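These notes concern the structure reproduced below.
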Amino acid sequence: MREHREILTNIKSDLLSLCIDSMNQRNGYDEYMSLIQNSLKQYFDIDKCCFLLYECESLKPFNIKSSIDIDLNSITWSDFTTHFSQKKLIDLPECLSHIKEFNLFSKMLLLKTGQFGEYCILLLQETPKWTAFTKSEFFENFVDTAADMLKVLCKNIEILQNEKQYRKLYNMTDLFHSTMDIDLILENVLITIQDNFPNFNVELILSNDHDRQTKVHIKPFDYLSERPSAIEAFVSGKIIVEQAVEMNRCLLNAPMKGRQAIYGILQVSAPIFYVFSKTEEDFIRMLAHASGNALENAKLYHQSHRLISDLQLINETSHRLNMKLDSKEMFMFLHKQLMKSFQPMEVCFVLKSDSELKLTEASTELFDTEEGSIYINHAANHFKNSQEPLFIADCSRLIGKELNYNSMMAIPMIVEQRINGFSIVLHRDSYFFSFDSFKLMQSLIHHSSLAIANSILRNKLQEMVDHDHLTKLHTRSYLDRFVESSLESDSSGMFLLIDIDNFKHVNDTYGHQVGDEVLVQIADQLKKVIGTRGICARWGGEELAVYVPNILVAEVEKLASQIVESVPVATNPTVTVSAGLITWNTKQRPEFQSIFLHADTALYNAKSTGKNKFSIFNESMLFLS
């Protein structure tokens, strides 16, 4: 009895010394278990023992003198609850006795630090001295003292861990305030979590407006596929813990919240029966909050630079579009701007006229294929009922078939509440375009729509000015500009002034409507004969004109003959024409006004000498007239 009291006193003294030493040096479990093991050997002749510490829903073996290298993760605390329901010292249970490394032990002692604290199981081989001590009145005191000391150690270790965690959190926060590098921020969030919770898995789930160029592995936040607990945390801004039974995991979802918005979820995954302590939750909450503020600051910094760049882009675009470019040049310029700003793989511009869609030349080749028409038709069907732009992160899921390009933005060109067309950009990767890119493209197309519409109207107006509404030939004013330019830049040319013979008789006999039809028939014949070699124009009334630049001398009379001879065949009622012809070359480059005067003189000669023929101008005709 006295011996047992002395043993207890000595053990308490050693534990007290360890406790005091722990306060100063922050000793851990190893020192505690070493002391218990030495005491067991010194006082009870127990050579070997083993400690199983219950952590993270599994048992971790500690043994100082002989190593037991065995995975005990499959054995949980629930396997021992029934055994320790009545006693703290029991025989080795079957769940451990079948393990080869535990054959040396016969007894198992529970050291519990409180109702919901740490658990430590001591495995040992029973000796006579130990058996005698367990039957004494001092044994319970020994167990309680050892458990209390373990509780102190647990508290000290927790304080030490918290100190390390918060020191890391402070250092990380200090880093966050000194950098605007989003990659560095995200990387340090992952490192800090994994350093403090090495047994857990961590995932960053960020909203779609994050920087697409980040090198850190992240998961895009998707309302359609994300777990309800993550959505709830994102929407509410509060930590949500979920027991994900189908995953056999416990998920803690901490919102990464700044002052203005929530930017994502920091998701920590632990074993399904793990219970996050308040300290752990607080640490993860503060880490997520610090990272959310850092992300927000970095985003605002980058956003301010991006806004300046966007304003410069819009200003440059507006300036260029106001330079009275034609519509083709405008679309090519916009194509270049979209490629530079958004890095899409495919771009197209579609113009809408009544119910018809016309693909412009500034579109990439994909949109001439059947695959490209899928995107065009989807956008066109949308814009039949809505003027809202399209922002699609995953086209395959939305359209219902597997597609090569999953990210899509389609912006309508609206002028006076009417959709004149739309632009589409595509990329293979889902969630490639950010919401900021979407808003910028809207602004670009919005600023361009009016300029494009005006350019198209100018083209139509110029088309009307440059072409006769009846014959669709060029007008005299257009012909004048063309000839004047040709005289400056070309090496030769021919001008043929044509008049319909007895056209008044046609009008008087058949009526002016038939006369108009005859004019159209002759105009069509002239375009057929001349093609793209030159231009045909309506000179005025029943007079027409043909001008061909860079023509060989040998071809001039042949072409004039072909025109005069083909008209009677091409008209109904049949009519003939007379024509005056003038040619020039670099050696005899005439004055601009003299060309028309000389052609008119030659025409008068053809008329007065029999009609239905052409006359070539020569100087002697001036004296005859």
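Just the heavy atoms: all of them, side chains too, but no hydrogens, waters or symmetry mates, feed the values below. Model, not experiment: these values are computed from the prediction.
Listed by chain and number, the residues in a ring pair (Phe, Tyr, Trp, His ring centres under 6.0 Å) with F142 are F133 (sequence neighbours excluded). Residues passing the ring pair (Phe, Tyr, Trp, His ring centres under 6.0 Å) test with F139 are W130, sequence neighbours excluded. Remark: E371 engages N404 in a side-chain hydrogen bond (donor to acceptor under 3.5 Å, both in side chains) (not counting sequence neighbours). Scored by the salt bridge (Lys or Arg N to Asp or Glu O under 4.0 Å) test, K12 finds no partners at all (sequence neighbours excluded). Taking E346 as the reference, nothing meets the salt bridge (Lys or Arg N to Asp or Glu O under 4.0 Å) condition, with sequence neighbours excluded. Not a single ring pair (Phe, Tyr, Trp, His ring centres under 6.0 Å) links H335 to another residue, sequence neighbours left out. With sequence neighbours left out, Y375 forms a ring pair (Phe, Tyr, Trp, His ring centres under 6.0 Å) with no residue at all. In this structure, the side chain to side chain contact (heavy atoms under 4.5 Å, CB included) partners of Q243, at least two apart in sequence or on a different chain, are C250, I272. For K278, the salt bridge (Lys or Arg N to Asp or Glu O under 4.0 Å) partners two or more places apart in sequence, or in a different chain, are D282. For K238, the salt bridge (Lys or Arg N to Asp or Glu O under 4.0 Å) test picks out no residue, with sequence neighbours left out. Remark: S225 engages D222 in a side-chain hydrogen bond (donor to acceptor under 3.5 Å, both in side chains) (not counting sequence neighbours).
In this structure, H4 and F138 have perpendicular ring planes: the angle between them is above 60°, well past the 30° mark. Classification of the Y274-F276 ring pair by plane angle, with boundaries at 30° and 60°, yields perpendicular.
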Take F422 and L390 through the side chain to side chain contact (heavy atoms under 4.5 Å, CB included) test and state the conclusion after the steps. CA-CA 10 Å; F422 52 87; L390 279 174; over 6 Å; no

Evaluate the criterion side chain to side chain contact (heavy atoms under 4.5 Å, CB included) for residue pair I46 and K129; output intermediate values, then yes/no. CA-CA 9 Å; I46 297 176; K129 287 185 178 182; over 6 Å; no

Applying side chain to side chain contact (heavy atoms under 4.5 Å, CB included) to R397 and N406, what does each step give before you reach the verdict? CA-CA 9 Å; R397 185 168 60 188; N406 283 317; over 6 Å; no

Going through the checks in order, is the side chain to side chain contact (heavy atoms under 4.5 Å, CB included) test met by D91 and M108? CA-CA 6 Å; D91 294 333; M108 184 169 71; over 6 Å; no

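At least one side-chain heavy atom of L40 sits less than 4.5 Å from a side-chain heavy atom of L122. Residues P255 and I265 form a side-chain contact, since some pair of their non-hydrogen atoms from C-beta on lies under 4.5 Å apart. In this structure the side chain of R428 reaches within 4.5 angstrom of the side chain of M345, judged on heavy atoms. Side-chain contact between N141 and E137 is absent, with no heavy atoms from C-beta onward closer than 4.5 Å. The side-chain heavy atoms of I11 and T145, taken from C-beta on, include no pair separated by under 4.5 Å. A 4.5 Å side-chain heavy-atom check between F342 and V347 finds every atom pair outside the cut-off. Between L109 and V143, some side-chain heavy-atom pair lies under the 4.5 Å cut-off. Between S341 and S437 there is no side-chain heavy-atom pair separated by less than 4.5 Å.
Side-chain N/O atoms of E126 and S106 include no donor and acceptor closer than 3.5 Å. T127 and D45 share no donor-acceptor pair across their side chains, judged by distance under 3.5 Å alone.
The line from CG of L123 to SG of C49 is 8.5 Å long, rounded to the nearest 0.5 Å. From K219, atom NZ reaches atom CD of E203 across 5.0 Å, with rounding to the nearest 0.5 Å. Note that the CG atom of L403 and the OG atom of S396 stand 4.5 Å from one another [nearest 0.5 Å]. Atom CE of M408 is separated from atom CD1 of I374 by 11.0 Å, given to the nearest 0.5 angstrom. Here L252 contributes atom CG and R285 contributes atom CZ; the two are 8.5 Å apart, rounded to the nearest 0.5 Å. Separation of atoms OG1 (T131) and NZ (K107) is listed at 7.0 Å; rounding is to 0.5 Å.
Nearest heavy-atom pair, I424 versus I376, reported as atom, atom and distance to 0.1 Å: CD1-CA, 4.0 Å. Considering all non-hydrogen atoms of both residues, G237 and I262 come closest at CA-CD1, 3.5 Å. When all heavy atoms of P389 and Q442 are compared, the pair lying nearest together is CG-NE2, 3.3 Å. When all heavy atoms of E226 and I231 are compared, the closest pair comes out as O-CD1, 3.7 Å. Listed here is the closest heavy atom pair of E281 and I239: O-CD1, 3.7 Å. Residue P220 comes nearest to Y431 through the heavy atom pair CB-CG, 4.4 Å, listed as atom of the first residue, atom of the second, then distance.
In this structure, F234 has its ring center under 6.0 Å from that of F221.
Within 6.0 Å of atom NE2 in H289, 12 or fewer heavy atoms from other residues, nucleotides or ligands are found, so the atom counts as exposed in its surroundings.
The closest donor-acceptor contact from the side chain of S407 to the backbone of D429 lies under 3.5 Å. Listed for the S443 side chain is no donor-acceptor partner under 3.5 Å among the backbone atoms of L440. Between the side chain of S423 and the backbone N or O of C348 there is at least one donor-acceptor pair closer than 3.5 Å. For S386 (side chain) and F383 (main-chain N/O), no donor-acceptor pair under 3.5 Å exists by modelled atom type.
Residue pairs meeting the salt bridge (charged side-chain N to carboxylate O under 4.0 Å, His left out) criterion with at least one member in residues 244-257, sequence neighbours excluded, are R227-E246.
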